[in-house]
Amino acid sequence: MKPLTLTISVTALLGIMALTTPQGSLAQDVAKVAPNDVKVLLENDHVRVLDIRIKPGGKLAMHSHPAYVLYALTSGKTKSTTPDGKTEELDIKAGEARWNDGQTHISENSGTTEAHVVLVEMKGSHKK
């Protein structure tokens, strides 16, 4: 194959992969998307622990999480928007813990107070 043909073939393959890859796998790491709102407290081979604070009206750009446990440090209201545009409003109470199998979404604080949660992302295999 000639160099130009090879370049065109590789470019076409990358374009096809981008179009056929699920949107979730194209989303970014929340700690990189929102470094002012998200701090990595601990990371090892098993978990990653995140401290997340979102001011009222604040929004975290599209990002993905593997399976995780959320622990709310404050009560508040959040809105989650998935890549297909579906939204979900959540009322979270301080002291509440929730399990999630993993997701890609935009997080928004739709309440009037700072949303403060600790997220424990699972790595590798996990059990519910």
Asks: Quick one: do Trp99 and Val117 end up in the same hydrophobic cluster if we chain Ile, Leu, Val, Met, Phe, Trp and Tyr together by side-chain heavy atoms under 4.5 Å apart?
Replies: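 Not linked; separate clusters.
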
Asks: Once ring-ring contact (aromatic ring centres under 6.0 Å, His included) is applied, do any residues pair with His65, and if so which ones, sequence neighbours excluded?
Replies: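 Partners of His65 under the ring-ring contact (aromatic ring centres under 6.0 Å, His included) test: His63, Tyr68, His105.
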
Asks: What pairs with Leu90 under side chain to side chain contact (heavy atoms under 4.5 Å, CB included), at least two apart in sequence or on another chain?
Replies: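 By the side chain to side chain contact (heavy atoms under 4.5 Å, CB included) rule, Leu90 matches Thr78, Glu88, Ile92, Arg98.
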
Asks: Once you round to the nearest 0.5 Å, how far does NE2 of His116 lie from CG of Asn109?
Replies: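 His116 NE2 to Asn109 CG: 12.5 Å, rounded to 0.5 Å.
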
Asks: Show me, pair by pair, the donor-acceptor contacts under 3.5 angstrom made by side chains of residues 30-37, not counting sequence neighbours?
Replies:
none

Asks: Are Ile106 and Leu60 grouped together when hydrophobic residues (ILVMFWY) are joined by side-chain heavy atoms under 4.5 angstrom apart?
Replies: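 Unlinked, Ile106 and Leu60 end up in two clusters.
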
Asks: At what distance, to the nearest 0.5 angstrom, does OG1 of Thr113 lie from NZ of Lys55?
Replies: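 One finds 11.5 Å between OG1 of Thr113 and NZ of Lys55.
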
Asks: Which pair of non-hydrogen atoms, one from Ser75 and one from Ala94, has the smallest distance, and what is that distance?
Replies: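 For Ser75 and Ala94, the tightest heavy-atom pair comes out as OG-N, 2.8 Å.
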
Asks: What's the shortest heavy-atom distance between Arg48 and Leu50, and which atoms?
Replies: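 Where Arg48 meets Leu50 most closely, the heavy atoms are NE-CD2, 3.7 Å.
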
Asks: Among Leu70, Leu41, Val47, whose side-chain contact (heavy atoms from CB on, under 4.5 Å) with Val120 holds?
Replies: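 Only match with Val120 under side-chain contact (heavy atoms from CB on, under 4.5 Å): Val47.
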
Asks: Just to verify, what does Lys79 make a side chain to side chain contact (heavy atoms under 4.5 Å, CB included) with, not counting sequence neighbours?
Replies: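 Listed in chain order: Thr81, Thr87, Glu89, Glu108, Ser110.
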
Asks: Check whether any side-chain heavy atom of Thr112 lies under 4.5 Å from a side-chain heavy atom of Lys77, and answer yes or no.
Replies: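 When only atoms from C-beta onward are counted, Lys77 and Thr112 do not touch, as no gap falls below 4.5 Å.
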
Asks: I need the minimum non-hydrogen distance between Thr104 and Ser64, along with the two atoms involved.
Replies: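 Taking Thr104 first and Ser64 second, the nearest heavy atoms are OG1-OG, 2.6 Å.
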
Asks: When you group the ILVMFWY residues by side-chain heavy-atom contacts below 4.5 Å and let the links chain together, are Tyr71 and Met122 in the same group?
Replies: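 Yes, Met122 connects to Tyr71 through the hydrophobic network.
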
Asks: Write down the atom of Ser80, the atom of Gln103, and the distance for their closest heavy-atom approach.
Replies: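 Closest pair (atom of Ser80, atom of Gln103, distance): OG-NE2, 3.8 Å.
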
Asks: State yes or no: do Val69 and Val49 share one hydrophobic cluster built from I, L, V, M, F, W and Y residues joined by side-chain heavy-atom distances below 4.5 Å, directly or via other members?
Replies: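 Same cluster: Val69 reaches Val49 through Ile, Leu, Val, Met, Phe, Trp or Tyr contacts under 4.5 Å.
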
Asks: How would you list, by chain and number, every residue that makes a salt bridge (charged side-chain N to carboxylate O under 4.0 Å, His left out) with Glu43, sequence neighbours excluded?
Replies: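 Salt bridge (charged side-chain N to carboxylate O under 4.0 Å, His left out) list for Glu43, sorted by chain: Lys123.
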
Asks: Among residues at least two apart in sequence or on other chains, which ones pass salt bridge (charged side-chain N to carboxylate O under 4.0 Å, His left out) with Lys39?
Replies: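 Lys39: no salt bridge (charged side-chain N to carboxylate O under 4.0 Å, His left out) contacts found.
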
Asks: Once rounded to the nearest 0.5 Å, what's the spacing between atom CZ of Arg53 and atom OG1 of Thr74?
Replies: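 The OG1 atom of Thr74 is 8.5 Å from CZ of Arg53, to the nearest 0.5 Å.
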
